[in-house]
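What follows is one structure encoded as structure tokens, with my remarks underneath.
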Amino acid sequence: MQYIPSETLTIDRKARANMPFYDLDLRPPAERRCDFGDVVIDFSPERAMLEAARCIHCPDPAPCMVACPTHNDIPSAMWLIEQGRFSEAANLYHQTSSLPEICGRVCPHEQLCQGSCVLNKHHTPVLCGELETFAVDYKRRNEGRIIPLAPPTGKRVAVIGAGPAGLGCADQLVQRGHEVTIFESKPSAGGLLVYGIPNFKLPKDVWAEKWEEFERAGVNFIGDTYIGKDKTVDDLFHEGFEAVFIGVGSEIDAKMEDTPGTELPGVYEATDYLIRGNVDPDLLPENMRQPLEIGRKIVVIGGGDTAADCLRTSLRLGAEEVTCLYRRTENEMPGGKKDRKMAKEEGAKYRFLTQPIKFLAGPDGRLAGVECLEMKLGEPDKKGRRKPVPVDGSNFIVECDTAVLALGYWPDPILGKTTPNLEVHDWGLISADKKTGATSRPGVFSGGDCVTGPDIVVTAMAAGRRAAWAIDEYLKLTPR
Ligand SMILES: Cc1cc2nc3c(=O)[nH]c(=O)nc-3n(C[C@H](O)[C@H](O)[C@H](O)COP(=O)(O)OP(=O)(O)OC[C@H]3O[C@@H](n4cnc5c(N)ncnc54)[C@H](O)[C@@H]3O)c2cc1C
Ligand code: SF4
């Protein structure tokens, strides 16, 4: 329900719908490709108020609220921002989201709130994501934020994985007075927010400030602990935890099966490449601290957002020529248009209908090129996407000294293998109830990419929050 019901506002909706639109200010491509700083220039208060005033306040439930996986009360926030009541707007976002300063920056808004904004019909949608970032940053800088805590219940919950799903769950559990300990295999918390999404999309200081909020709320963090190897879920119950949430993501890079040469020096998997290219060595596990050895000509293989992130990271690492190889056409690319547009502006090239079939070594034993086949589009597959079909005898070589494989991700099956009665399916995805995150094992809940497969930050965070509410109910029924 809207905090400020749209029908109580006396506004001229027609005039609003025709107000001029001023696009986001971005740093010029030639400047931004030289560093890892944020690409978007923050809104000023005046600019934020002007943009929020374009909202025509659709009746409850507004399409933007429905499309937001965490159902942010966007129309009310727009009204508060328009009135200059920025902190109140931030409070609204904090009520429905555990990571609004992050979702405001990295959500694919064009597919969610902005994509469903009614202004799309005749005009340009309200920049809901940028306004969320503005309001939440404003409050943090001017007042700070403290997670509100309920009196302690004495109940202890273990959260496995410190990514968006685990954080969403931890946030809601401490707000209900439960003691939370997060077990994480990496040295630092954040999941793919730290060890995946590059700085130019999500500056690390934004994350660092967010994590301080969790620490101040008393969330315990135990890093460098791989559940399934260092200890098991059963061990956690024996240690006195009364419920366990699994939010371990889906982070094993998909391999390029049956393609010779992927072991050559100069061929990297996307995760390793992005982590070592973007993360401060102090935050890296020891086996990842060796700097990347990249050359002048880099190819990135894949068509998703990870591929766009690898292209843009390569440009910032100083490569002269950066090319994406993708086996279908641009129309079939799974990645968002926004990231691809930015990659192109920054100088990345795209070569479509191209399938690598062999990685070739030079005289020094390092990667020197990729043999490829030209493809054409054939019949649609089960999902309706036209299949790429090789053109016989079309072999050609793309010269390169570095190749990055950005082909998608699989879950790590280890928790399914080491946790009795935990049902998993399809390569290790955890079977969990969509509404509650309850798994086949009583007291064990799960959510995020390890349940859905690779998805996005907001859906993982929302799943963690839903599971926290179910864990709270479960704990109320569990005798001490
Ligand atoms: C390169 C890249 C760019 C992306 N860009 C965007 C974007 O711009 N916008 C967007 O919305 N989404 C983006 N995504 C997707 C988004 O990051 C994920 O959907 C989201 O992080 C999933 O959250 P999660 O908590 O389920 O998993 P994760 O973020 O993967 O977190 C899981 C955590 O669990 C830990 N872990 C794993 N196994 C164990 C274990 N056995 N024991 C202890 N800890 C364990 C991991 O180290 C990790 O910290 C991107 C993904 C990638 C790879
Ligand atoms: S759909 Fe667009 S115009 Fe309607 S309430 Fe949401 S942001 Fe405002």
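In listed order, ligands and their atoms are each counted from 1. In this text the structure is predicted, and so the values were computed from the model without any measurement. Positions are given from 1, in the same order as the sequence printed here. Side chains included, hydrogens not; waters and symmetry mates left out as well; all remaining heavy atoms used.
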Note the single closest protein heavy atom to [atom], along with its residue, its atom name and the distance in Å.
atom                    : answer
atom 3 (C) of ligand 1  : D309 OD2, 3.0 Å
atom 11 (O) of ligand 1 : V457 N, 3.0 Å
atom 38 (N) of ligand 1 : V248 CB, 3.4 Å
atom 51 (C) of ligand 1 : L192 CD1, 3.9 Å
atom 36 (N) of ligand 1 : S185 OG, 3.6 Å
atom 4 (C) of ligand 1  : I197 CG1, 3.5 Å
atom 34 (O) of ligand 1 : G161 CA, 3.3 Å
atom 48 (C) of ligand 1 : E251 OE2, 3.1 Å

Does an N or O anywhere in [X] fall below 3.5 Å from an N or O of ligand 1?
X    : answer
A165 : yes
P198 : no
Y409 : no

Next item on the list: Search all heavy atoms of P125 against all heavy atoms of R54 and return the closest pair with its distance.
Entry: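 Heavy-atom minimum between the residues: O-NH1, 3.4 Å.
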Using atom types as modelled and distance alone, determine if a side-chain donor or acceptor of [X] lies under 3.5 Å from a backbone N or O of [Y].
X    : Y    : value
T306 : A406 : no
R276 : P291 : yes
S76  : I4   : yes

From [atom], work out which of [options] has a heavy atom at the shortest distance.
atom                    : options                : value
atom 23 (O) of ligand 1 : G163, C103, P164       : P164
atom 27 (O) of ligand 1 : G249, G448, A406, P411 : G249
atom 32 (C) of ligand 1 : G453, G191, G247, P454 : G247
atom 41 (N) of ligand 1 : I227, D412, V106, D449 : I227

Notebook entry, point to check: Looking at the rings of F445 and Y474, which for Trp means the six-membered one, are their centres under 6.0 Å apart?
Noted result: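 They qualify: ring centres under 6.0 Å apart.
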Margin query: Could you check, using the six-membered ring where one of them is a Trp, whether F86 and F43 have ring centers closer than 6.0 angstrom?
Written below: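 No; F43 has its ring centre 6.0 Å or more from that of F86.
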Pick one of side chain, backbone, both or neither for how [X] approaches ligand 1, counting any non-hydrogen atom pair under 4.0 Å.
X    : answer
T225 : backbone
Y195 : neither
E184 : both
K229 : neither
D339 : neither
D455 : backbone
A460 : side chain

Check: Out of F245, F241, F221, which one pairs with F183 under the ring pair (Phe, Tyr, Trp, His ring centres under 6.0 Å) rule?
Finding: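 Of F245, F241, F221, ring pair (Phe, Tyr, Trp, His ring centres under 6.0 Å) with F183 is met by F241 alone.
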Note: [X]-[Y] ion pair, threshold 4.0 Å (strictly below):
X    : Y    : answer
R33  : E345 : no
D309 : K201 : yes
R145 : E213 : yes
R466 : D433 : no

Check: So which protein N/O/S atoms does atom 6 (Fe) of ligand 2 have within less than 2.8 Å?
Finding: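 The answer, once waters are left aside, is C64 SG.
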